[in-house]
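Scroll down for the structure; my scribbles are underneath it.
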Amino acid sequence: MEYTAFCQLLPGASSTQTLTLIGYKRGGVVLAVLTLIIWILPASILMGALSFLLHYIDKKALNVDIFKFIPPMAVGFLVYATVMAFYISIKNTVTWIIMGICAVATFLLFKQPWIFPMLIVLGGLTTNLSRKRIPQVEQKPRKIKWWNFWLFGIIFITAGLFSEVARKNDWPNRTPINLFENTYRMGSLVFGGGQVLMPMMYEQFSVRPDAVMRKDSSVIRIDKEDMYTGMGIVRALPGPVFSIASFTGGMALKDYGNTQEEKTFMQLLGCVIGTIAIFLPSALLVLFFFPIWHNLKKYAAVYRSLEGINAVVVGIMIASTFYLMKDISLLDVRLGSLINAIVIAGTFTLLQYTRIPPPFIVIACLLLGYIF
């Protein structure tokens, strides 16, 4: 329980961090790295393979769009996750206010990359304005040494600088550098797990490129329908939801290269870059922050901040739900729109009130797409 609480304080993949930490405590850094690899490998391989197989198992091969109802299903999963997070995190007036403000701000400013870290910082500061709910009762702890945080920060800053220099100077084959920076940044800043990561990726790779491609034709772009499909299929697979980065990495580089062999190599490279870049921040943070955890946890301010951060995450999830829904046909007077609405409601209802495993829901939506 202590490890779980600690990992909830950090951005990144909480389940992955918890398992990595268990490996670290049982056998040091070597076992921690092996545990991390074993945990992420199956889902990452499957999601990477999906980036190669997607168009062979869709319209072109079956003459029918079997993935047409995966987008509303993905929204249904996000609605369920939002409701669950709401019950856990929203417990008093201040968290209600934080949630509401963050939901509106996120929806209106979703395309601005600074909105997520800014809201998280403000949420943590807001719940620290009052010390009544969680008072400081421990003796003043020793000074924390922050040097362990440097490696994470150096990679973050270096990746950002290289990506920006490559963009401004239009380096040839700069896309892998941009992909690493984009993915590493999202893995470093996302609180709330995969439920928040996926809308961020959708905006970064599917929405934002449409607005900037006229100025920069080499910007990374993934088709919205393909992104929705990856967001849906990852729910049916074992392992961390963060493995969707293996899919987005492959899709981002699938068309780079002159020959088919070059394109295959670049797509495989994209899968590897996506996998490493999304999980590396989580591993670095948990391994380098844990040694100072026993000092850090003595600060009541840490737990007050977590209260505000969790409320911010719920607000972001609410905004993400509506942000994804705006690209799904729901109000048109036709059968497809009606089925989309039924799929969203049905997915939430099945997850909320039954014990049907998520993979069966995904399979049912694929069959629905095949029939209709």
Side-chain angles (χ1 to χ4, degrees), residues 10-13 16-17 20 33 36-37 40-41 43-45 47-52 113-114 116-117 149-190 194 196-209 212-213 216-222 226-227 230 234 240-257 262-288:
L10 304 176
T16 300
Q17 289 170 329
T20 303
V33 173
L36 172 66
I37 293 173
I40 69 175
L41 210 55
S44 296
I45 290 174
M47 289 304 296
L50 178 64
S51 71
F52 284 89
W114 49 263
F116 299 103
F149 186 66
W150 286 3
L151 180 58
F152 165 81
I154 289 170
I155 296 175
F156 187 94
I157 295 171
T158 303
L161 289 175
F162 266 92
S163 180
E164 186 63 13
V165 170
R167 184 189 67 82
K168 285 188 174 181
N169 294 284
D170 197 19
W171 288 2
N173 300 320
R174 66 179 174 85
T175 307
I177 300 174
N178 299 144
L179 175 64
F180 179 87
E181 188 278 329
N182 290 166
T183 310
Y184 188 88
R185 169 167 43 84
M186 286 184 281
S188 302
L189 299 178
V190 62
V196 177
L197 172 68
M198 289 189 289
M200 289 176 67
M201 284 189 161
Y202 177 77
E203 191 282 328
Q204 176 73 42
F205 296 135
S206 298
V207 177
R208 180 177 175 272
V212 301
M213 284 194 76
D216 185 1
S217 60
S218 61
V219 68
I220 296 172
R221 185 183 184 281
I222 301 175
D226 292 342
M227 193 69 204
V234 74
V241 175
F242 271 52
S243 61
I244 191 175
S246 304
F247 170 80
T248 57
M251 295 300 292
L253 300 186
K254 68 182 179 68
D255 294 325
Y256 284 85
E262 289 180 357
K263 290 182 179 180
T264 301
F265 173 77
M266 290 300 292
Q267 187 168 359
L268 183 61
L269 178 64
C271 295
V272 174
I273 290 174
T275 303
I276 293 175
I278 201 66
F279 288 108
L280 184 59
S282 298
L284 290 176
L285 285 170
V286 74
L287 292 179
F288 291 140

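All figures in this text were calculated on a predicted structure; none of them were measured in a lab. Side chains included, hydrogens not; waters and symmetry mates left out as well; all remaining heavy atoms used.
A donor-acceptor pair is defined here as one N or O able to donate and one able to accept, closer than 3.5 Å; such a pair exists between the side chain of Ser51 and the backbone of Gly48. A donor-acceptor contact shorter than 3.5 Å is absent between the side chain of Thr158 and the backbone of Ile155. At least one donor-acceptor pair under 3.5 Å links the side chain of Ser206 to the backbone N or O of Ile222.
In this structure, Pro11 and Val190 have side chains that are not in contact, with every pair of non-hydrogen atoms separated by 4.5 Å or more. When side chains are defined from C-beta on, Arg208 counts as touching Val219, because their heavy atoms get closer than 4.5 Å. Side-chain contact between Pro176 and Met266 is present, with at least one heavy-atom pair separated by less than 4.5 Å. Between Thr183 and Ile273, every side-chain heavy-atom pair lies at or beyond the 4.5 Å cut-off. For the pair Phe156/Pro281, no side-chain contact is recorded, criterion being any heavy-atom separation below 4.5 Å from C-beta on. Looking at heavy atoms from C-beta onward, Phe279 lies in side-chain contact with Thr16 at the 4.5 angstrom threshold. Taking 4.5 Å as the limit, some side-chain heavy atom of Trp171 sits within range of a side-chain heavy atom of Ile177. The side-chain heavy atoms of Thr248 and Phe205, taken from C-beta on, include a pair separated by under 4.5 Å.
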In sequence, state the C-alpha distance, the side-chain angles, and the governing distance for Met227 and Ile244, and then conclude on side-chain contact (heavy atoms from CB on, under 4.5 Å). CA-CA 9 Å; Met227 193 69 204; Ile244 191 175; 4.2 Å; yes
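Taking each heavy atom of Thr275 and Ile40 in turn, the nearest pair found is CG2-CD1, 4.0 Å.
At most 12 non-hydrogen atoms from other residues, nucleotides or ligands lie less than 6.0 angstrom from CZ of Phe162.
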